[in-house]
Amino acid sequence: MTADLFETVGDARPPRETIGEGAALLRGFAKPFEAELMPALREIVRQAPFRHLITPGGHRMSVAMTNSGSLGWVSDPSGYRYDGIDPNSGTPWPPMPPVLRKLAADAAAAGGFNGFASEACLINRYVPGAKLSLHQDKDELDFAAPIVSVSLGLPAIFLFGGLKRSDPTRRYRLEHGDVVVWGGPSRLAFHGVAPLADGEHGLLGRQRINLTFRKVRLGAAGR
DNA sequence: TAGTTCCA
DNA sequence: AGTG
């Protein structure tokens with residue numbers, strides 16, 4: 001009867017999960033932004049198409065990337081760096097749309113970090129089989145600011161470890177709309193993504209899109 | 001070492 | 001198949 005209805009309507013998972021010191025998983029946080037988000041992403045990708053970067057070790061990354069904002073993360077045989085210019089076009093990365101800025105700032109605040117003004121939004125596209133091995137985000141100059149990671153499309157297994165590569169990792173299934181925020185003592189935590197399982201997502205099809213927001217430069221510039 | 005592969 |  002009605003009692004059965006109420007039992008199945010309630011949330012099975014908590015909306016906010018602590019996954020480490022200064023690290024939170026915000027389930028479904030990006031859902032309210034979805035309608036504005038999708039056209040904004042389409043426009044960014046139109047101006048700066050996804051491309052597969054080469055690591056300093058000479059390997060082609062399975063994840064395809066592009067950027068939005070005043071700075072973008074790039075990798076080539078000479079190393080990792082942030083650059084204001086898209087090496088493919090020779091022109092600046094597409095500006096970060098207000099909806100992306102707002103999503104990043106709101107999520108950071110919900111994760112315990114007020115005043116987050118991201119300068120760079122790295123956009124990663126995973127197709128089935130694509131993965132990101134365990135690594136640290138340490139090319140930024142400002143480690144006081146957190147990392148904000150937004151999941152869209154197919155679900156993925158997120159690996160979250162400690163400050164040493166050898167630290168044990170925990171696995172979290174991230175679904176469309178989930179946001180992970182890590183900073184403070186977790187800012188340099190090793191993390192990665194397991195090979196994407198095949199599937200079909202109603203909005204994005206056979207792919208996962210991840211947005212990673214970072215503050216790169218030191219100090220008040222960019223705030 | 002934001003890589004791949006093998007093996008317990 | 002997942003983990004280390």
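Residue numbering restarts at 1 for every chain, and letters A, B, ... go by the order of the sequence lines. The basis for the numbers below is simple: all heavy atoms, side chains too, and nothing from hydrogens, waters or symmetry mates.
Atom P of nucleotide B/dT5 and atom NZ of A/Lys131 are separated by 7 Å, given to the nearest angstrom. Rounded to whole Å, atom C1' of B/dT4 lies 17 Å from atom NE2 of A/His135. Between A/Leu159 atom CG and C/dG2 atom P there is a gap of 12 Å when expressed in whole angstrom units. Note: CE (A/Met61) to C1' (B/dT4) measures 14 Å, nearest angstrom. To the nearest angstrom, P of B/dT1 lies 8 Å from NE2 of A/His59. When the P atom of B/dT4 is taken as reference, atom NE2 of A/His52 falls 12 Å away, rounded to whole Å. Look at CZ on A/Arg170: it is 17 Å from C1' on C/dG4, rounded to the nearest Å. Here the P atom of nucleotide C/dG4 and the CG atom of A/Asp167 are 11 Å apart, to the nearest Å.
Between the side chains of A/Asn67 and A/Trp73, not a single donor N or O lies within less than 3.5 Å of an accepting N or O. In the model, A/Asn210 has a side-chain atom that pairs as donor or acceptor with a side-chain atom of A/Ser149 under 3.5 Å. Judged by distance alone, the side chains of A/Gln207 and A/Tyr126 never bring a donor and an acceptor atom under 3.5 Å apart.
Under the 4.0 Å criterion applied to side-chain N and carboxylate O atoms, A/Asp86 and A/Arg51 are assigned as salt-bridge partners.
Base-pairing analysis of DNA chain B finds no stem of at least three consecutive Watson-Crick or G-U pairs with both pairing distances under 3.5 Å.
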A/Trp182/A/Tyr172 under ring pair (Phe, Tyr, Trp, His ring centres under 6.0 Å): CA gap, chis, key distance, verdict: CA-CA 14 Å; A/Trp182 66 97; A/Tyr172 301 91; over 10 Å; no
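Contact annotation for A/Arg214: base contact, defined as any heavy-atom pair under 4.0 Å involving a base atom. Across all strands shown, A/Asp139 has heavy atoms under 4.0 Å from base atoms, whether or not it also approaches the sugar-phosphate.
A distance of about 22 Å separates the P atoms of B/dT1 and C/dG4, rounded to the whole Å.
Hydrophobic clustering, with ILVMFWY side chains joined whenever heavy atoms are under 4.5 angstrom apart, groups A/Leu100 together with A/Val45.
Of the candidates B/dT1, C/dG4, B/dT4, the closest approach to any side-chain atom of A/Thr169 belongs to C/dG4.
Scanning all heavy atoms of the two residues, the minimum distance from A/Val181 to A/Pro146 falls at CG1-CB, 4.1 Å.
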